[in-house]
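Just below is one structure, and these are the notes that go with it.
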Amino acid sequence: MTVIDKFRAATQTEDAQGEQVRRREVSAGLAGATTALGGLAVFALLALVGGLMVPRADAGFGASIGSGAALWLLAGGARLALGEAVIAFTPLFGALALVLVARGVARRTLSEEDDWRTVGAWYGGYAGVGATAWLLALASPVTPVAWSMTLPVLVLPALALLSSGQLPLGTLRWWDQAPLGLKRALLPGAKGALGAVIVSMMILVAVAAWNFERIGHVQTSLAPGFAGGLVLTLLQILYLPNLGLWVLSVAAGPGMSMTEGATTTWSGAEAGVLPMVPIFAAHPDTGKFPWFVVLLVLIPVAIGAWVALTALRSVSRLASTQTKLSTVAWALVVMALAITVLDLLGGGSLGTRRLAEIGAPAGALGLAILGEAAIGGLIVLARDWWQLRR
């Protein structure tokens, strides 16, 4: 048997009509690899445009491809080391896009009838490209932090598979043992986290529009050129959810920091020396805020009320108060945990010293959101109880 015959025997099989067709595992593996490769190509193209077309840029082709691979890994949650500095600033829109694309491909490629070999082939194809991207990133000025590589290479494709529902039958049998309140609350809680981020991004966009002239001045000062300007604008759009979480943290109370000494809370803002990032020019000037800024806390309270209303729709109107309370409580916990995880994934470091800790404190943000949203949830529960008592 020749090498070609051995290759065909390993990659092909006979269908019901006796014709030679590609093995299911091979097709799944190629689909997984192509999925990862497509995302990697997009970020490599962005890096090439930035490295080869931006004025004053001197990065070569290899370094640009390596930088693109590093950006792709960063979008998947990896941390990058640059000397003593650590870049931990994952664009959440980028991470969401990678998960949604992988989920869509998995849904089209796999089915519940597939066994673990086929699912593992898809997963292995994606992870294999991720490992290759790790090697390519070594040609860039940054070095991926080893422990964080589990996020873009292993966790992200696993999350895509889990959300696609295309796993072998019986895989999620453990979910049947989960508390009923948690099952009912999972979707309302996720919607609440999404709604909180969307509302915060809307506030951010409004603030950016109000400070459009300042943002444009910083963009012009950077002189990125036309192509570089498009890349810079796209990168800032990818980070909108991250910045939205910072706004949410200001509304909830913990506040946020853009650099050491540049903080924003209910009481006021300290501008400090900000990085030359156009959107950062929307940061308020140093000074005290008027008293009504504290009313921003009503945003998480209102979101908590909405989550409670959504959660109550999943139970019977005549259900016991204990059942309703459990469902609402689980929904609020899911929302707070989701926001905390998103903030942790988004990260909060762009270097050393002044940029070592930026953004919102994830733990404090999650606890504040849980407490304030619980007020809104209790108001809804009290209203529901009163209506049934009448």
Side-chain angles (χ1 to χ4, degrees), residues 29 32-52 54 57-102 122-161 231-232 234-236 238-239 241-242 245 275 277 341-353 355-359 362:
T34 303
T35 303
L37 195 59
L40 177 59
V42 171
F43 283 91
L45 180 61
L46 288 176
L48 277 173
V49 172
L52 302 179
V54 175
D58 57 358
F61 181 82
S64 296
I65 293 296
S67 297
L71 285 175
W72 181 73
L73 294 172
L74 181 67
R79 275 40 181 157
L80 307 177
L82 181 60
E84 296 181 357
V86 174
I87 301 174
F89 200 33
T90 294
L92 293 180
F93 261 152
L96 176 63
L98 292 178
V99 171
L100 290 180
V101 170
W122 188 95
Y123 184 81
Y126 193 105
V129 173
T132 303
W134 187 356
L135 296 177
L136 290 174
L138 298 178
S140 71
V142 298
T143 303
V145 178
W147 68 264
S148 69
M149 291 301 299
T150 56
L151 293 173
V153 177
L154 302 178
V155 175
L156 192 148
L159 182 61
L161 283 172
V231 172
L232 183 58
L234 177 59
L235 287 176
Q236 292 177 93
L238 291 177
Y239 280 103
N242 302 63
L245 286 172
V277 179
V341 170
L342 285 175
D343 195 47
L344 287 172
L345 175 63
S349 176
L350 278 175
T352 58
R353 298 180 182 176
L355 298 176
E357 293 184 10
I358 63 174

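- Distance check, rounded to the nearest 0.5 Å: CG of Leu96 to CG of Leu342 gives 9.5 Å.
- Side-chain contact between Leu48 and Ile65 is present, with heavy atoms from C-beta onward closer than 4.5 Å.
- Between atom OG of residue Ser64 and atom CG of residue Leu46 there is a gap of 11.5 Å, rounded to the nearest 0.5 Å.
- Nearest approach of Ala133 to Ala69, heavy atoms of both residues: O-CB, 3.5 Å.
- Nearest heavy-atom pair, Trp122 versus Ala102, reported as atom, atom and distance to 0.1 Å: CZ2-O, 3.6 Å.
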Report all side-chain donor-acceptor pairs from residues 34-43 shorter than 3.5 Å, counting only partners two or more places apart or in another chain.
unit_1, atom_1, unit_2, atom_2, d
Thr34, OG1, Leu30, O, 2.7
Thr35, OG1, Ala31, O, 2.7

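- Two residues are said to be in side-chain contact when any heavy atoms from C-beta on lie closer than 4.5 Å; Val86 and Leu80 fail this criterion.
- Annotation: side chain of Leu245 is in contact with side chain of Leu92 (closest heavy-atom distance under 4.5 Å).
- No donor-acceptor distance shorter than 3.5 angstrom exists from the side chain of Ser140 to the backbone of Leu136, with no hydrogens or angles considered.
- Checked against side-chain hydrogen bond (donor to acceptor under 3.5 Å, both in side chains), Thr90 has the following partners two or more places apart in sequence or in another chain: Arg79.
- The minimum heavy-atom distance between Pro144 and Leu138, with the atom names listed, is CD-CD2, 4.2 Å.
- Of the possible polar contacts, none joining the Tyr123 side chain to the Leu161 backbone as a donor-acceptor pair under 3.5 Å is found.
- Distance check, rounded to the nearest 0.5 Å: CG of Leu234 to CZ of Phe93 gives 11.0 Å.
- Although no hydrogens or angles enter the test, the distance criterion places no donor-acceptor pair under 3.5 Å between the side chain of Asn242 and the main chain of Phe89.
- Residues Gly77 and Leu151 approach most closely at O-CD1, 3.2 Å, considering heavy atoms.
- How far CG of Leu82 is from OG1 of Thr143: 8.5 Å, rounded to the nearest 0.5 Å.
- Pro152 places none of its side-chain heavy atoms less than 4.5 Å from the side chain of Trp134.
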